[in-house]
J.: 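Sharing a structure with you now.
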Amino acid sequence: MFIEYKGALSIKGNLLFFETVAGVGYGEKVVVKYGGREIYGRVAALGEKVTLIEMLGETHGIGVDDLQVRFSGEPFKIAVDESMLGRAFDAFGEPVDAIGPIIAKKRVDIAGSAYNPARRLHPKEAVNTGISAIDGLNTLLKGQKLPIFALSGVSTDELVAQIVRQIKSGTEKSAVLFAAIGIKHENAEYFLKNIMASGQRHKTALFLNRADEPSVNSLLLARSALTLAEYLAFEKEYDVVVVLYDMANYCDALREVSAKREEIPSRKGYPGYMYSDLASIYERAGIFKEKKGSLTQIPVLTMPDDDITHPIPDLTGYITEGQIVLDRGLHQAGIYPPVNILPSLSRLMNKGISKVHQREANQLYAAYAKAKRAQMLASIVGEEEISEIDKSYLKFAKVFEREFVSQGNYENRSLEHTLETGWRLLRMLPDSELTRLKPEDIEEFIDGSEEQNGASRA
Amino acid sequence: MAYVSYICGPVVEVALEGESVKLYELAYVGDAALVAEVVEVSKNRAVLQIYENSEGMRLKEPVRFSGEMFCAYLGPGLLGTVFDGIQRPLEKIGDKIEKGTAVYSLDTKTSYRFIPSVSVGQMVKEGEFIGEVMEYGLVHRLTLPPGVEGEAVYVASEGEYAILEEILRIDNGFSMTMVQKMPLRAPRPFVTRESPKELLVTGQRIIDFLFPIAKGGTASIPGGFGTGKTILQQTLAKWSDADVIIYVGCGERGNEMTEVLEEFPELNDPRSGKKLIERTVLIANTSDMPVSARGASILLGLAIAEYYRDMGYHVALMADSTSRWAEAMREISGRLNELPAEEGFPAYLASNIAAIYERAAMVGTLGGKIGSVTIVGAVSPPGGDLSEPVTRNTRRYTNAFWALDRGLASARFFPAINYSQSYSAYAEMLKEWWIEIDEKAIELREWMLELLQEDSSLQKIVKLLGSEALPEEQKLTVEVASLIKEVFLQQNAFDPVDAYSSPQRVLKMAAIIKTVHHLWTRCHKEEKIPVDVLKSQPVITEFARSKYEITNEELGRYDELHEKIVKNYENLIQEYGG
């Protein structure tokens with residue numbers, strides 16, 4: 001039904017220059033055949049004489065003469081269906097597990113379109129991850145996009161797997177989509193085992209794209225996963241959480257593709273449109289007024305060289321609604337998860353938690369910030385020289401890191417547990433220091449529980 | 001007919017078949033009739049920038065040129081509405097913005113009560129008021145568009161009209177409805193440019209008192225992510241004493257626009273008591289919408305702002321963020337294969353930024369009124385680096401500079417305006433305005449800036465050795481400065497009482513702190529009372545709490561507090577003396 005065209009004008013890297021044929025659309029999906037191999041491609045520029053096709057696969061060993069091109073007449077689409085939960089897919093949305101093909105009624109363009117802000121509903125409901133550093137101090141809301149700024153060599157895989165296992169939006173109809181972007185074979189194994197083998201399997205779908213695949217696939221994979229997520233959330237009323245790991249690989253793929261197209265680079269070689277491109281991923285999260293489901297995003301990115309001002313975390317931070325920042329120092333001190341509370345932030349949390357929780361979080365943050373300053377001072381003038389109050393802060397910081405931030409890899413903490421731990425820690429400080437709390441909070445949570453009070457003050 | 005001959009993203013080339021095409025002409029491209037603007041013309045070829053996603057477009061698809069520039073539709077019904085960058089009312093579009101959606105910008109069904117102010121046979125000229133309608137609580141004055149002149153041969157009589165019904169016709173055949181079409185790129189003409197001399201009261205103490213902005217002025221807010229740019233912009237949109245607010249969300253988060261849309265209909269304007277949404281026009285080009293419409297979004301905001309200005313209103317335009325607008329310019333420039341200057345930005349970056357900010361002014365309008373457009377632009381410097389091209393060039397063309405500081409933000413000190421980096425050239429021009437309210441105002445301001453300056457240098461020692469290491473006298477300075485910072489400069493945008501401070505209240509608060517400074521110095525000099533004792537008096541705590549308790553209407557309570565503080569320390573001196 002589609003005509004195949006033979007022979008190309010030239011080929012360079014993964015760019016194929018082809019003589020223009022009538023009726024081809026910009027952005028259209030093409031299939032390039034060479035010696036029994038089939039490679040996907042995409043129309044990247046369309047001129048009267050030459051069509052530029054970007055190939056999305058290995059191009060080594062391909063010549064121009066015997067090459068065949070088939071234009072599909074449509075953009076990249078993937079099949080979407082509820083039966084895709086519990087399965088694993090590649091960047092093109094095709095199953096890679098041994099269970100067989102997907103039977104779906106619907107195929108959707110993966111590019112997506114912009115959400116109408118006038119039809120959105122501002123997020124107001126919390127999602128629990130069972131991790132104190134997130135639930136207690138940087139609460140994630142349904143429909144929010146909250147990234148994790150990770151570091152290489154720090155227990156990111158464990159944290160990501162734990163979040164995927166534990167995340168709960170409180171409703172029955174929930175799903176987690178895990179998009180593994182450009183990850184190593186070893187890590188892929190880890191996630192396959194850890195996530196797909198857990199009890200959450202029937203609620204989880206995995207999109208997997210390995211580091212040695214052509215980099216363009218990374219760009220498609222994130223969009224394929226989000227397309228299925230949108231279908232489940234906005235047509236099938238699921239509360240969907242999408243974990244995108246690792247967005248640094250995505251950005252590097254974007255840079256590579258841009259360089260091949262010979263575009264003018266902006267900072268550190270990344271293309272000038274990286275902000276808009278990332279936005280077209282991150283903004284695909286939210287809730288609509290007249291729809292039941294929700295789409296929550298947890299993008300994970302490894303900060304190159306631990307640098308938060310690097311374009312990848314920087315542009316991400318400008319788009320997402322907060323960030324969870326990991327810290328090498330905490331990791332080395334044996335704290336898991338090594339979340340550094342001070343630069344971490346959830347912009348939307350106050351809309352989804354109680355007033356008391358807000359004040360408690362505020363107080364814990366302020367106390368920890370003060371403790372960090374006391375630590376710095378103590379390291380200069382010596383611990384003996386600082387005031388008594390500062391000494392109690394030093395103690396607070398230690399216990400806070402060890403008992404509040406730190407938790408087991410398989411420990412799923414309830415919100416009550418997290419908040420109670422917080423109060424217990426605040427009881428270590430004199431009441432006069434708790435300026436962010438209201439007198440009634442102090443009465444109820446600090447002075448009220450007498451026996452613990454005496455114990456922890458002693 | 002002209003047809004598409006090359007496609008690469010939002011840039012298309014069109015082969016012309018004899019059409020005469022003008023630069024920046026509006027065109028409809030392809031079968032889906034996507035909105036586009038001409039950016040380059042030659043004899044038989046034109047380059048167009050499409051304001052929507054061009055995916056799926058084919059060669060040879062037809063292109064229709066409209067014969068006119070890209071225009072804004074101006075008329076009653078703008079207020080309270082949210083538009084996208086090419087002025088489609090978003091309330092009337094579905095959940096997702098599909099390309100090729102065509103919706104008329106204004107509501108054509110609602111009718112307004114028109115009261116004419118000219119009569120048949122009268123000579124009318126450009127900018128003249130020909131009648132008015134009520135748009136929410138605002139008198140919407142209908143003016144004759146620029147360049148039109150003649151004798152009125154028909155004037156609609158007082159009554160209800162829909163916006164597209166004829167309300168005036170003049171002898172040369174020109175007929176007018178309530179809707180005007182104005183090219184986006186052309187500034188609206190005016191008679192005189194007035195010098196800025198009136199404060200745009202924002203209710204934010206650090207801005208109004210230390211780094212003020214005048215009506216008709218320009219300000220930029222540079223700050224990395226998480227430093228509170230958007231909250232500050234939203235706060236300004238809420239409390240500024242402008243008659244009309246244009247809020248342009250340019251390449252920012254969708255949920256932020258949603259927040260404004262959910263919040264503004266609930267909040268009241270502290271002056272008029274009306275809902276905030278009724279004086280606000282929202283323009284949303286969220287970051288996932290086509291980049292090419294990003295440039296248009298700010299120009300659209302300006303066109304609407306100047307339209308209300310010419311009715312004799314003070315308009316404030318908030319653009320969040322101009323960096324995204326500049327980046328969109330860079331992207332399009334790259335696709336047009338233009339030679340890049342710094343960091344890939346085109347060489348005309350500076351002149352385009354100037355073209356935006358120079359449209360801010362206090363003017364005498366063609367209709368003989370005074371109106372103004374104030375522009376406040378947020379800048380998002382990559383990595384928080386203030387030396388990058390967009391921040392640097394914005395700084396050149398704006399007179400007030402409110403630098404947001406990550407250190408302050410992470411100490412949860414809001415607004416996180418760094419008082420040693422920020423400045424405002426309007427402080428000098430607005431002296432008279434402040435003196436009118438209180439003749440001591442200028443003296444107070446200078447005292448405060450000086451003290452903060454002194455504190456900045458002392459803070460270096462405090463950081464290293466702790467405040468215990470300072471001699472009493474310097475400790476006193478540090479403590480007074482901390483009072484200024486914690487009580488005066490820090491302002492909680494979410495607290496109903498603290499969110500807005502009237503200029504009178506600002507002065508009362510500043511005066512109390514100056515008195516405290518004076519009293520402490522006396523206590524120290526006369527009786528050597530330790531600073532630790534001075535600062536821990538309960539009256540100080542009471543003062544610190546007062547910003548959440550004493551409203552703008554009960555300023556008398558500040559006078560009482562002022563007296564109480566004076567008495568407290570006089571007693572203390574006596575105690576120590578005795």
Side-chain angles (χ1 to χ4, degrees), chain A residues 20 22-28 44-48 75 111-123 143 234 263-267 272-273 275-276 279-280 283-284 286 288 290-291 309-311 314-315 317-319 321-323 342-343 345 348 362 365-366 369 377 380-381 386-387, chain B residues 5-9 13 15 53-60 82 90-91 93-99 224-226 249 251 253-259 261-262 284 286-291 321 324 327-328 330-331 334 340 343-345 380 382-385 410-412 464-466 468 494:
Chain A
T20 297
V24 172
Y26 174 74
E28 185 172 323
L46 197 52
E48 278 188 299
S113 31
Y115 291 15
N116 184 349
R119 293 299 183 103
R120 278 177 184 264
L121 193 69
H122 205 268
F234 303 130
E263 290 165 337
I264 296 159
S266 136
R267 283 172 72 212
Y273 54 79
Y275 177 83
S276 321
S280 73
E283 279 291 322
R284 289 172 84 172
F288 287 109
E290 283 148 27
K291 288 189 175 150
T309 65
H310 185 280
D314 191 50
L315 294 179
Y318 273 121
I319 306 165
E321 288 144 348
Q323 66 276 337
L342 297 183
L345 168 77
L348 307 183
N362 223 325
Y365 181 94
L377 204 60
I380 299 172
V381 298
I386 60 172
S387 64
Chain B
S5 65
Y6 175 80
I7 312 168
C8 176
E13 270 179 34
N53 187 346
S54 57
E55 209 112 310
M57 186 178 289
R58 290 157 213 278
L59 295 180
K60 307 270 181 199
V82 53
L90 286 172
E91 303 276 3
I93 296 179
D95 288 344
K96 303 260 184 80
I97 298 166
E98 310 294 345
K99 59 186 172 187
F225 67 81
R253 306 178 182 94
N255 274 337
E256 280 169 3
M257 293 312 287
T258 310
E259 195 178 2
L261 281 172
E262 284 181 14
T286 54
S287 56
D288 53 343
M289 292 188 191
V291 266
S321 142
R324 307 300 163 221
E327 283 163 15
R330 169 169 71 187
E331 187 174 337
E343 291 197 22
F345 286 104
S380 320
D385 167 21
S410 62
R412 301 289 197 261
L464 272 178
L465 302 170
E468 297 302 313
F494 301 105

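Residue numbers start from 1 in every chain, and the chains themselves are labelled A, B, ... in the order their sequence lines are given, proteins ahead of strands. No hydrogens, no waters, no symmetry mates; every other heavy atom, side chains included, goes into these values.
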J.: Who among A:Asp314, A:Leu46, A:Thr20, A:Asn362 has the most heavy-atom pairs with chain B under 4.5 Å?
T.: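 Option with the greatest count: A:Leu46.
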J.: Check whether A:Tyr318 forms a cation-pi arrangement with B:Arg324 (NZ or CZ under 6.0 Å from the six-membered ring centre, at most 45° off the ring normal).
T.: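 Relative to the ring axis of A:Tyr318, which defines the angle, B:Arg324 lies inside both limits.
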J.: If you count heavy-atom pairs under 4.5 Å with chain B, which of A:Arg267, A:Glu263, A:His310 comes out on top?
T.: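 Of A:Arg267, A:Glu263, A:His310, A:Arg267 has the most heavy-atom pairs under 4.5 Å with chain B.
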J.: Would you name the heavy atoms of A:Pro117 and B:Met289 that are closest together and state the gap between them?
T.: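 In terms of heavy atoms, the two residues are closest at CD-CE, 3.6 Å.
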J.: Would you say the side-chain atoms of A:Arg119 pair up with the backbone N or O of B:Leu90, donor to acceptor, closer than 3.5 Å?
T.: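 Pair absent, no side-chain N/O of A:Arg119 close to backbone of B:Leu90.
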J.: Picking from B:Lys96, B:Glu331, B:Glu343, which has the most non-hydrogen pairs under 4.5 angstrom with chain A?
T.: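 Between B:Lys96, B:Glu331, B:Glu343, the count favours B:Lys96.
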J.: Considering only heavy atoms and a distance below 4.5 Å, find which of B:Ile93, B:Asp385, B:Val82, B:Leu464 pairs most often with chain A.
T.: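 Top count of heavy-atom pairs under 4.5 Å with chain A: B:Ile93.
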J.: Given a strict heavy-atom distance threshold of 4.5 Å, which part of B:Lys99 is in contact with chain A: side chain, backbone, both, or neither?
T.: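 Contact with chain A involves no heavy atom of B:Lys99 at all.
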J.: Please classify the contact between B:Arg253 and chain A as side chain, backbone, both or neither, with a heavy-atom cut-off of under 4.5 Å.
T.: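 Both parts, backbone and side chain.
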J.: Give, as side chain, backbone, both or neither, the part of B:Glu259 having an atom under 4.5 angstrom from any heavy atom of chain A.
T.: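 Interface part for B:Glu259: both.
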J.: Do side-chain atoms of B:Glu55 reach the backbone of A:Tyr26 as a donor and acceptor pair under 3.5 angstrom?
T.: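 No.
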J.: Check each atom of B:Glu327 against the heavy atoms of chain A and say whether the ones under 4.5 Å are side chain, backbone, both or neither.
T.: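 Interface part for B:Glu327: side chain.
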J.: Could you tell me which non-hydrogen atom of A:Ser113 sits nearest to which non-hydrogen atom of B:Glu98, and how far apart they are?
T.: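 Scanning both residues completely, I find the closest heavy atoms to be OG-OE1, 3.6 Å.
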J.: Is A:Arg284 salt-bridged to B:Asp288, going by a charged N under 4.0 Å from an acidic O?
T.: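 The answer is no: the pair does not qualify as a salt bridge.
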J.: Once salt bridge (charged side-chain N to carboxylate O under 4.0 Å, His left out) is applied, do any residues pair with B:Glu13, and if so which ones, sequence neighbours excluded?
T.: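 Here the qualifying residues are B:Arg45.
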J.: Please identify each residue that fulfils side chain to side chain contact (heavy atoms under 4.5 Å, CB included) with A:Leu342, with sequence neighbours left out.
T.: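 Listed in chain order: A:Asn340, A:Tyr365, A:Tyr368, A:Ala369, A:Lys372.
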J.: Do the side chain of A:Tyr275 and the main chain of B:Gly251 share a donor and acceptor less than 3.5 angstrom apart?
T.: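 It does hold such a pair.
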J.: Non-hydrogen atoms of chain A under 4.5 Å away: do they reach the side chain of B:Ser54, the backbone, both or neither?
T.: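 B:Ser54 touches chain A through backbone and side-chain heavy atoms alike.
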J.: Verify, without hydrogens or angle tests, whether B:Arg58 (side chain) and A:Gly23 (backbone) share a donor-acceptor contact under 3.5 angstrom.
T.: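 A pair under 3.5 Å: yes.
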J.: With chain A, which of B:Ser287, B:Ala15, B:Gly224, B:Gly226 has the greatest number of heavy-atom pairs at distances under 4.5 Å?
T.: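 Going by pairs under 4.5 Å, I would pick B:Ser287.
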J.: If you count heavy-atom pairs under 4.5 Å between each of B:Gly254, B:Gly249, B:Gly344, B:Gly384 and chain A, which one has the most?
T.: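 Most heavy-atom pairs within the cutoff with chain A belong to B:Gly254.
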